Engineer: 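Got a structure for you, written out below as structure tokens; questions coming shortly.
A note on names: the letters A, B, ... follow the listed sequences, proteins ahead of strands, and every chain is numbered from 1. Computed from a predicted structure; not experimentally measured.
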Number of protein chains: 2
Amino acid sequence: MPTWEETLSQAGCRITEPRRAVMTVLAQAERSLVPQEIFALGIKLHATLSLVTVYRTLELFEELSLVRRVHQDDKCHGYLLTAAGHRHVLVCEGCGRAVEFPGQDDLVALIARVEECTGYQVEAHLLQLVGVCPHCQ
Amino acid sequence: MPTWEETLSQAGCRITEPRRAVMTVLAQAERSLVPQEIFALGIKLHATLSLVTVYRTLELFEELSLVRRVHQDDKCHGYLLTAAGHRHVLVCEGCGRAVEFPGQDDLVALIARVEECTGYQVEAHLLQLVGVCPHCQ
DNA sequence: TCCCTTATTGCAACTTATTTGCAATAATTA
DNA sequence: TAATTATTGCAAATAAGTTGCAATAAGGGA
């Protein structure tokens with residue numbers, strides 16, 4: 001598994017201080033963060049960081065699958081570092097802390113059935129769980 | 001199953017032209033619509049409809065579970081009329097057409113397993129499928 | 001049916017979120 | 001180290017959603 005720096009280089013992108021700051025913030029976060037939050041934390045690491053750059057960096061990172069967006073009922077668009085092999089997220093409604101879990105298999109049967117019933121061809125799925133984490137219980 | 005008018009009345013809310021327009025638009029839509037779209041269609045039914053009212057109406061309808069929000073990769077917050085008993089949506093990435101499907105059972109096992117692994121208490125889930133509908137294939 | 005109460009509406013202004021153009025800056029490659 | 005060009009940050013524009021408030025209209029009761 002390549003490092004994020006390698007992923008960036010291979011895509012012909014540069015490794016810069018702002019990007020490093022965003023990545024560090026996300027790596028240290030134990031919950032999903034919105035751009036504003038990433039900016040607020042990131043500026044401590046790179047004093048001239050701008051919010052615009054945070055947006056652009058997140059867009060790039062998402063294209064490269066380095067981060068993923070998580071959807072929440074109210075605020076869409078929290079960002080989370082992508083963990084290898086994991087595709088689903090469980091977000092705590094109390095503190096926003098997030099854990100990832102595998103769980104492809106359970107969906108395969110479901111998706112096959114839905115495809116048959118509806119005639120749709122299913123290309124992707126969005127599965128997120130919302131709950132209360134051990135800390136918040 | 002009560003009509004939406006009954007649901008509104010029982011909640012102490014009034015049945016107004018703007019609300020009727022929003023409901024009609026959603027009932028006739030075969031895909032999820034964003035507030036702007038609902039406004040554009042709704043103004044044909046009620047000439048003085050305003051976008052502000054659309055937002056407020058959608059908020060109310062969502063509280064009363066008359067409509068549901070659907071999330072999409074890019075644009076969050078499309079709205080869809082709630083069908084009874086159905087909790088999941090399959091959205092066509094071509095035209096936005098949406099169908100609903102049941103599918104609780106498959107998730108029960110998955111959720112139980114995730115709860116055990118993570119220590120989280122799962123309260124809700126967001127499952128949406130994205131695919132290509134028969135029309136668009 | 002008309003009146004009265006009060007929920008609802010629409011306007012205008014505001015806040016928040018996100019995007020874009022562009023000149024200055026800094027990362028890489030030779 | 002110099003040259004090339006991706007990237008940055010500013011400022012301004014755009015988009016999305018919210019709020020205060022006076023005017024309006026729904027619906028219960030006389």
Side-chain angles (χ1 to χ4, degrees), chain A residues 2-25 32-64 66-67 69-79, chain B residues 2-25 32-64 66-67 69-79:
Chain A
T3 64
W4 67 272
E5 287 99 332
E6 286 165 357
T7 304
L8 241 60
S9 290
Q10 278 163 31
C13 298
R14 293 177 182 173
I15 294 151
T16 65
E17 280 307 305
R19 286 174 182 170
R20 203 179 290 282
V22 169
M23 186 48 82
T24 303
V25 166
S32 74
L33 299 174
V34 297
Q36 289 284 357
E37 294 172 315
I38 295 168
F39 169 65
L41 293 166
I43 206 167
K44 295 177 188 169
L45 302 175
H46 180 65
T48 62
L49 182 65
S50 84
L51 183 56
V52 180
T53 299
V54 172
Y55 276 107
R56 288 195 275 229
T57 301
L58 289 172
E59 189 186 358
L60 174 67
F61 283 3
E62 198 189 3
E63 270 168 27
L64 298 174
L66 293 171
V67 302
R69 259 186 201 174
V70 301
H71 297 258
Q72 274 172 278
D73 250 6
D74 45 333
K75 52 171 183 184
C76 278
H77 299 180
Y79 288 84
Chain B
T3 63
W4 67 270
E5 286 101 333
E6 287 165 357
T7 303
L8 240 61
S9 290
Q10 278 162 32
C13 299
R14 294 177 181 173
I15 294 150
T16 66
E17 280 307 303
R19 286 174 182 170
R20 202 180 289 282
V22 170
M23 186 49 80
T24 303
V25 166
S32 75
L33 300 174
V34 297
Q36 288 284 357
E37 294 173 314
I38 296 169
F39 170 65
L41 293 166
I43 206 167
K44 294 177 188 168
L45 302 176
H46 179 65
T48 61
L49 181 66
S50 85
L51 183 56
V52 180
T53 299
V54 172
Y55 278 111
R56 288 195 275 227
T57 300
L58 289 172
E59 190 186 356
L60 174 67
F61 283 4
E62 199 190 3
E63 271 168 27
L64 299 175
L66 293 171
V67 302
R69 260 186 201 174
V70 301
H71 297 257
Q72 274 173 277
D73 251 6
D74 45 335
K75 52 173 182 182
C76 279
H77 299 179
Y79 288 84

Engineer: Within this structure, what is the CG-to-P distance between B/Leu60 and D/dT18, rounded to whole angstrom?
Structural biologist: 14 Å
Engineer: Counting only side-chain heavy atoms from C-beta out, which of C/dT18, C/dG10, C/dT8 sits nearest to B/Arg19?
Structural biologist: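 Out of C/dT18, C/dG10, C/dT8, the nucleotide with an atom closest to B/Arg19's side chain is C/dT8.
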Engineer: Taking the side chain of A/Thr48 as heavy atoms from C-beta outward, which of C/dT18, D/dT7, D/dG9 is closest to it?
Structural biologist: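 The nucleotide sitting nearest to the side chain is D/dG9.
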Engineer: Examine D/dT8: is either OP1 or OP2 under 4.0 Å from a nitrogen or oxygen in the side chain of A/Thr16? Give yes or no.
Structural biologist: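 For D/dT8, OP1/OP2 do have a side-chain N/O of A/Thr16 under 4.0 Å.
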Engineer: Please determine if a side-chain N or O atom of B/His46 lies less than 4.0 Å away from the OP1 or OP2 oxygen of C/dT9.
Structural biologist: no
Engineer: Could you check whether A/Arg20 pairs with A/Glu17 (Lys NZ or Arg NE/NH1/NH2 to Asp/Glu carboxylate O, under 4.0 Å)?
Structural biologist: yes
Engineer: Taking for each residue the nucleotide of DNA chain C bearing the nearest heavy atom, is the 5' side occupied by B/Val54 or by B/Gly12?
Structural biologist: B/Gly12
Engineer: Measure from CG on B/Leu49 to P on C/dT9 and round the result to the nearest Å.
Structural biologist: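 Whole-Å distance recorded here is 9 Å.
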Engineer: Rounded to whole angstroms, how far apart are CD on B/Glu63 and P on C/dT8?
Structural biologist: 11 Å
Engineer: Using atom types as modelled and distance alone, determine if a side-chain donor or acceptor of B/Glu62 lies under 3.5 Å from a backbone N or O of B/Glu59.
Structural biologist: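 No.
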Engineer: Rounded to whole Å, please give me the gap between CD in A/Glu59 and P in C/dA17.
Structural biologist: 18 Å
Engineer: Calculate the interatomic distance between A/Glu17 atom CD and C/dT28 atom C1'; express it in whole Å.
Structural biologist: 15 Å
Engineer: Closest to the B/Pro35 side chain: C/dA27, D/dT8, D/dG17?
Structural biologist: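 So the nucleotide nearest the side chain must be D/dG17.
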Engineer: Measuring from the side chain of B/Tyr55 (C-beta onward, heavy atoms only), which nucleotide among D/dA16, D/dT8, C/dG10 has the closest atom?
Structural biologist: D/dA16
Engineer: Please determine if a side-chain N or O atom of A/Gln36 lies less than 4.0 Å away from the OP1 or OP2 oxygen of C/dT16.
Structural biologist: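 No, no such contact exists.
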Engineer: Would you kindly give the CD-to-P distance between B/Gln10 and D/dG28, to the nearest whole Å?
Structural biologist: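 Those two atoms, CD and P, are 13 Å apart.
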Engineer: Between the base of C/dG10 and the side chain of B/Arg56, is there a donor-acceptor distance below 3.5 Å?
Structural biologist: yes
Engineer: Whole-Å distance between D/dT4 P and A/Arg14 CZ?
Structural biologist: 13 Å
Engineer: Starting at the 5' end of DNA chain D, write a dot or bracket for each base, bracketing those in Watson-Crick or G-U wobble pairs whose two distances are under 3.5 Å and using | for partners on another strand.
Structural biologist: ||||||||||||||||||||||||||||||
Engineer: As a test of reading the structure: which of D/dT7, C/dG10, C/dT28 is closest to the side chain of B/Ser50, going by heavy atoms?
Structural biologist: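 Nearest listed nucleotide: C/dG10.
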Engineer: If I take atom NE2 in residue A/His77 and atom P in nucleotide D/dA16, what distance separates them, rounded to the nearest angstrom?
Structural biologist: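 About 12 Å, once rounded to whole Å.
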Engineer: Taking any heavy-atom pair under 4.0 Å as a contact, classify B/Leu51: base, sugar-phosphate, or nothing.
Structural biologist: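 No contact.
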Engineer: With distance as the sole test, does A/Thr57 use its side chain to make a donor-acceptor pair with the main-chain N or O of A/Thr53 at under 3.5 Å?
Structural biologist: yes
Engineer: Check for a donor-acceptor pair, side chain of A/Gln10 on one end and backbone N or O of A/Thr7 on the other, with a separation under 3.5 Å.
Structural biologist: no
